[in-house]
K.L.:
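Please see the structure below; I have some questions.
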Amino acid sequence: MTEKNFLANIWVKRILSLLSVAYAGLMIFLVYTSLYYDIKITNKASFIVLVVFLSVLLGGSMLYTRKQFLTSVVGLAGLLMYLPVVVLFYSKANLILLIPLGVVSVLIFFFSGAGEGLKTIIGTIYLLLYIICILFYFLYVTIFSGHTIDVIKSQSVSKSGNYRCYVLDIEDTSKGTTKVIVEPNDYDIEYSNITFVQKGYKRVVYNVRKHNLDLNVEWSQDENGKDILSVDSQVRFKEEDAVKEGRAYSYFDKSKIKYKILNK
């Protein structure tokens, strides 16, 4: 069998179309993580190589098998799955992930083997969804979030390593704000070049309507080895309270998360 005949073989295309399942799985994974995690790219060079490799592999295979039913279905759904990912993960630092994913999603949608009429209808719906999301994002940034500049002035980890805190300096049109925020330090999902940072557990333990304060933030432990956080010599956080039972306590209890696919 010649190379040309091999590539034209229907079974080769059907087998390679299974890679579209890998693409769909990756997108579903990112949709889930975008709801519960922020991402932090820790090694840009290796991450770019990985993203380019996956984009070429998955994008190329799906373009090659675009007329296969499985690839066509995934191709039509790709832009829908990409929407929450780009909205919730959007930042300049994350563009090295979002741009390749966007290019692949657009290409496999327009070149999928689905009928032109079907692609026109679905594409119009997607376009409206993207426009609505852009408008909501614009309103949120310009009206609800206000014009502030948030700067993390310092960060530290507790003695046990279970918690971390950071001093957040917020500058606005008035006096500004200084906050000290505590969150769990062992809920993140770490890979070689990217870290999924658990969100939704931030607890403000210090909040003063004045910014650019020089705070003395210090971790210590009690006689039972439980972490304590002091701000300017005043205790602001006790691990002993954070692990008590009851709705007013258990600040960082993982069981409160309904979906726990990624949790340790």
Side-chain angles (χ1 to χ4, degrees), residues 7 9-91 93-115 118-119 122-123 125-127 129-130 133 187-200 254 257-264:
L7 293 176
N9 189 288
I10 186 62
W11 285 105
V12 173
K13 292 184 177 181
R14 288 175 179 173
I15 293 173
L16 287 178
S17 69
L18 295 176
L19 288 176
S20 61
V21 177
Y23 167 80
L26 174 63
M27 294 302 295
I28 292 172
F29 172 81
L30 290 175
V31 169
Y32 173 82
T33 54
S34 68
L35 299 175
Y36 297 103
Y37 294 82
D38 293 318
I39 58 174
K40 181 180 179 181
I41 299 170
T42 55
N43 189 326
K44 288 186 178 181
S46 64
F47 186 77
I48 290 174
V49 172
L50 176 63
V51 170
V52 170
F53 171 76
L54 290 177
S55 299
V56 172
L57 175 65
L58 298 178
S61 65
M62 286 188 289
L63 288 176
Y64 170 64
T65 62
R66 60 188 179 276
K67 293 185 179 180
Q68 299 301 308
F69 176 77
L70 190 58
T71 304
S72 295
V73 172
V74 173
L76 291 176
L79 282 174
L80 180 61
M81 292 186 287
Y82 180 70
L83 179 56
V85 175
V86 70
V87 169
L88 297 176
F89 277 156
Y90 178 78
S91 71
N94 295 337
L95 289 179
I96 58 177
L97 168 66
L98 298 177
I99 290 177
L101 283 177
V103 171
V104 172
S105 299
V106 170
L107 286 178
I108 63 172
F109 177 81
F110 284 105
F111 290 98
S112 69
L118 180 61
K119 286 193 288 188
I122 295 178
I125 296 173
Y126 288 169
L127 180 60
L129 287 175
Y130 274 82
C133 287
Y187 287 8
D188 302 341
I189 309 298
E190 299 181 0
Y191 296 103
S192 60
N193 48 31
I194 187 172
T195 298
F196 291 89
V197 182
Q198 179 75 63
K199 61 183 179 181
K254 281 188 176 183
I257 294 184
K258 184 177 180 181
Y259 302 102
K260 299 180 287 185
I261 297 174
L262 290 178
N263 288 348
K264 298 177 182 178

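Count residues from 1 along the sequence. Because only heavy atoms are used, hydrogens play no part in the values below, and waters and symmetry mates are left out as well, while side chains stay in.
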K.L.:
Which value, rounded to the nearest 0.5 Å, describes the distance between Met62 atom CE and Leu70 atom CG?
P.N.:
10.5 Å
K.L.:
Quick one: does any side-chain atom of Lys199 pair with a main-chain N or O of Ser34 as donor and acceptor, under 3.5 Å?
P.N.:
yes
K.L.:
Measure the CE-CG distance between Met27 and Leu80 for me, rounded to the nearest 0.5 Å.
P.N.:
9.5 Å
K.L.:
Check whether any side-chain N or O of Asn94 sits under 3.5 Å from a backbone N or O of Phe89 as a donor-acceptor pair, and report yes or no.
P.N.:
yes
K.L.:
Mind listing the closest non-hydrogen atom pair of Ile28 and Met81 along with its distance?
P.N.:
CG1-SD, 3.9 Å
K.L.:
First locate atom CG of Leu58, then atom CG of Leu26, and finally report the distance between them rounded to the nearest 0.5 Å.
P.N.:
7.0 Å
K.L.:
Test side chain to side chain contact (heavy atoms under 4.5 Å, CB included) on Leu83 and Leu129; report intermediate values, then the result.
P.N.:
CA-CA 8 Å; Leu83 179 56; Leu129 287 175; 4.0 Å; yes
K.L.:
Using modelled atom types and a 3.5 Å cut-off, is there a donor and acceptor pairing between side-chain atoms of Asn43 and backbone atoms of Ser46?
P.N.:
yes
K.L.:
Measuring from Ile96:CD1 to Leu50:CG, what's the distance to the nearest 0.5 Å?
P.N.:
10.5 Å
K.L.:
Hey, does the side chain of Tyr82 reach the backbone of Leu98 with a donor-acceptor pair shorter than 3.5 angstrom?
P.N.:
yes
K.L.:
If only atom types and distance count, is the side chain of Tyr130 paired as donor or acceptor with the main-chain N or O of Leu79 below 3.5 Å?
P.N.:
yes
K.L.:
I would like to know whether Tyr23 and Ser55 meet side chain to side chain donor-acceptor pair (under 3.5 Å); could you show each step before the answer?
P.N.:
CA-CA 9 Å; Tyr23 167 80; Ser55 299; over 6 Å; no
K.L.:
Test your reading of the model: is there a side-chain donor-acceptor pair from Thr42 to the backbone of Asn193, 3.5 Å cut-off?
P.N.:
yes
K.L.:
Would Thr33 and Ile39 count as a side chain to side chain contact (heavy atoms under 4.5 Å, CB included) here? Give the steps.
P.N.:
CA-CA 9 Å; Thr33 54; Ile39 58 174; 5.5 Å; no
K.L.:
Quick one: CG on Leu88 to SG on Cys133, what's the gap to the nearest 0.5 Å?
P.N.:
9.0 Å
K.L.:
Please determine which of Tyr32, Tyr36, Phe29 meets the ring-ring contact (aromatic ring centres under 6.0 Å, His included) test together with Phe196.
P.N.:
Phe29
K.L.:
Around atom CZ of Phe111, are there more than 12 heavy atoms from other residues, nucleotides or ligands closer than 6.0 Å?
P.N.:
no
K.L.:
So which heavy atom on Ile41 is nearest to which on Ala93, and how close?
P.N.:
CD1-O, 3.7 Å
K.L.:
Within the side chain of Tyr126, is there an N or O that forms a donor-acceptor pair under 3.5 Å with the backbone of Leu76?
P.N.:
yes
K.L.:
Assess, by modelled atom type and distance only, whether the side chains of Ser112 and Ser72 contain a donor and an acceptor separated by less than 3.5 Å.
P.N.:
no
K.L.:
With side chains defined as the heavy atoms from C-beta onward, is the minimum distance between Ile108 and Thr71 less than 4.5 Å?
P.N.:
no
K.L.:
What's the separation between atom CG in Leu101 and atom CG in Leu54, rounded to the nearest 0.5 Å?
P.N.:
9.0 Å
K.L.:
Do Val197 and Tyr187 pass the side chain to side chain contact (heavy atoms under 4.5 Å, CB included) test, and can you show the C-alpha distance, the side-chain angles, and the key distance before you say yes or no?
P.N.:
CA-CA 7 Å; Val197 182; Tyr187 287 8; over 6 Å; no
